[in-house]
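Below is one structure, written out as structure tokens; the observations come after it.
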Number of protein chains: 2
Amino acid sequence: MATAMHRDEAEAHLRAAGLKVTAPRLAVLEAVTGNGHLDADAVHARVVDALPGTPLQSVYNVLGALHGAGLLRRIEPAGSAALYESRIGDNHHHVVCTRCHAVADVDCVVGEAPCLVPSTAGGFAIHTAEVTFWGLCADCQREATG
Amino acid sequence: MATAMHRDEAEAHLRAAGLKVTAPRLAVLEAVTGNGHLDADAVHARVVDALPGTPLQSVYNVLGALHGAGLLRRIEPAGSAALYESRIGDNHHHVVCTRCHAVADVDCVVGEAPCLVPSTAGGFAIHTAEVTFWGLCADCQREATG
DNA sequence: GCAGTTGTTTTGAATGGATCAAAACAACTG
DNA sequence: CAGTTGTTTTGATCCATTCAAAACAACTGC
């Protein structure tokens, strides 16, 4: 839990994005903010704490809306369900544990966003680069060598 | 269609990997080799040409086995089904069209595999890096600006 | 060559993440 | 405060993929 989001902050973000301010949206925004990388189920679990009875479908809708509005970033590592994170605006990368699927952020490793150099490969007009590292998380290293 | 694979070549690869040589496996290997990035359905379509009646399930089994043996590489770009390619051994990257999902290979853009520098981020022992670029393919650029 | 063993293919069914659609509802506008 | 429009909810459906058991065929040793 890094930076939890205050209700009024969340509200401001929603309004700025031209979205109506609703309880499920505030709940999802608070659930994701500062809590790493969560899939729809994990978000749902947190949302239900704050807003009992909220259906999973609503979480999907809200996540879709917030992602569409640029308020949430979405990643889909191979083998995992879609994950959402609140850290946006910078283009950082991710490490995924090949054993337990844990995810952590990685700031661009080599100097200034080296992997992001826009280029034209094979006639494609590239606008984004996404880097996913694969490895073993600390816990799984222990269990593997132990 | 770059390098099509001959039957005996395919056989050798299978044996080298300790896999039994079977018709479906040869068919899948030939279907994927030199044909870019194919999902299970696309592979199935090709396999059925050579081996009528082959069920999709068998294609899944074979793709799984060949991938497990390191004979096929598997990528899973967000929003697409799993794709298989025969180009292995080098660690190249991919561009995916955000409009039509076409995929092309990209050799590492900045010098010598800059994105692959193994490092230790957040306690993870990284062993692989995967770079996915997103952009518009030539065709979609035309249709978008046209 | 031929039978046995083991791994593969096939048949059939099930899973899970996610999406679609329509009805019930609530947030913003004036 | 009523109307309008966007949201949430209910409920159903989709698709890629995986699981399981039975039918089968590739390799081994004889």
Side-chain angles (χ1 to χ4, degrees), chain A residues 7-8 10-29 31 37-45 47-48 50-69 71-72 74-84 101 103, chain B residues 7-8 10-29 31-32 37-45 47-48 50-69 71-72 74-84 96 101 103:
Chain A
R7 209 144 266 156
D8 40 340
E11 251 194 74
H13 282 130
L14 287 172
R15 289 191 205 287
L19 294 172
K20 287 184 178 171
V21 176
T22 68
R25 285 178 177 171
L26 292 173
V28 166
L29 222 32
H37 310 83
L38 280 56
D39 64 18
D41 265 333
V43 174
H44 182 234
V47 166
V48 162
L51 227 57
T54 305
L56 177 57
Q57 176 61 50
S58 296
V59 172
Y60 272 106
N61 288 343
V62 171
L63 287 173
L66 298 185
H67 174 240
L71 264 46
L72 249 35
R74 171 185 174 136
I75 61 172
E76 298 181 41
S80 300
L83 301 174
Y84 297 85
H101 291 125
V103 176
Chain B
R7 210 143 265 158
D8 40 341
E11 250 194 73
H13 282 131
L14 288 172
R15 289 191 204 285
L19 293 173
K20 286 185 180 170
V21 176
T22 68
R25 285 178 176 170
L26 293 173
V28 166
L29 222 32
V32 176
H37 311 82
L38 280 56
D39 63 19
D41 265 333
V43 174
H44 182 233
V47 166
V48 162
L51 229 56
T54 305
L56 177 58
Q57 175 62 50
S58 295
V59 171
Y60 272 104
N61 287 344
V62 172
L63 287 173
L66 298 184
H67 175 240
L71 264 46
L72 250 35
R74 171 184 175 138
I75 60 172
E76 299 180 40
S80 300
L83 300 174
Y84 296 84
V96 183
H101 291 124
V103 176

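Protein chains get the first letters and strands the later ones, always in sequence-line order, with residue 1 at the start of each.
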For atom [atom1] of [X] and atom [atom2] of [N], their distance in whole Å:
| X | N | atom1 | atom2 | value |
| --- | --- | --- | --- | --- |
| A:Glu11 | C:dA27 | CD | C1' | 11 Å |
| B:Leu63 | C:dT8 | CG | C1' | 14 Å |
| A:Leu19 | D:dT5 | CG | P | 18 Å |
| B:Arg74 | D:dT18 | CZ | C1' | 11 Å |
| A:Glu76 | C:dT19 | CD | P | 8 Å |
| A:Leu14 | C:dA27 | CG | P | 13 Å |
| B:Leu51 | D:dA25 | CG | P | 12 Å |
| A:Leu56 | D:dT9 | CG | P | 12 Å |

Under a 3.5 Å distance rule, please check whether B:Arg25 uses its side chain to pair with a backbone N or O of B:Lys20 as donor and acceptor.
yes
With distance as the sole test, does B:His44 use its side chain to make a donor-acceptor pair with the main-chain N or O of B:Tyr60 at under 3.5 Å?
no
For DNA chain C, what is the dot-bracket line, given that a base pair needs Watson-Crick (N1 to N3, plus N6-O4 or O6-N4) or G-U wobble (N1-O2 and O6-N3) geometry with both distances under 3.5 Å, and | means paired with another strand?
||||||||||||||||||||||||||||||
Quick one: is [X] getting a side-chain N or O under 4.0 Å of the [N] phosphate, OP1 or OP2?
| X | N | result |
| --- | --- | --- |
| B:Arg15 | D:dA26 | no |
| B:Ser58 | C:dT10 | yes |
| B:Arg25 | D:dA26 | no |

If you pin B:Val21 and B:Leu83 to their nearest nucleotides in DNA chain D, which one's is more 5'?
B:Leu83
Comparing B:Lys20 with B:Tyr60, nearest DNA chain D nucleotide closer to 5' gives the residue B:Tyr60
Point-to-point distance, once rounded to the nearest 0.5 Å, from CG of B:Asp39 to CZ of B:Arg74:
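The CG atom of B:Asp39 sits 11.5 Å away from the CZ atom of B:Arg74.
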Test item: [X] and [Y] side chains (from C-beta on) under 4.5 Å apart, heavy atoms:
| X | Y | answer |
| --- | --- | --- |
| B:Leu19 | B:Leu66 | yes |
| B:Asp41 | B:Val59 | no |
| B:Leu72 | B:Leu29 | yes |

Do you know which two heavy atoms are closest between [X] and [Y], and how far apart they sit?
| X | Y | result |
| --- | --- | --- |
| B:Leu26 | B:Glu11 | CD2-N, 3.8 Å |
| B:Glu76 | A:Gly79 | OE1-N, 3.6 Å |
| A:Tyr84 | A:Leu63 | CE1-CD1, 3.6 Å |
| A:Val47 | A:Ala31 | CG2-CB, 4.2 Å |

Over all strands shown, is B:Ala65 touching base, sugar-phosphate only, or nothing at heavy-atom distances under 4.0 angstrom?
nothing
Closest nucleotide among D:dA26, C:dA27, C:dT11 to the B:Pro55 side chain
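Looking only at heavy atoms from C-beta outward on B:Pro55, the closest nucleotide is C:dT11.
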Interface polar pairs with nucleotides 20-22 of chain D, N/O, under 3.5 angstrom:
none

Which comes earlier along DNA chain C counting from the 5' end, the contact point of B:Pro24 or that of A:Ala23, where each point is its nearest nucleotide?
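It is B:Pro24 whose nearest nucleotide is closer to the 5' end.
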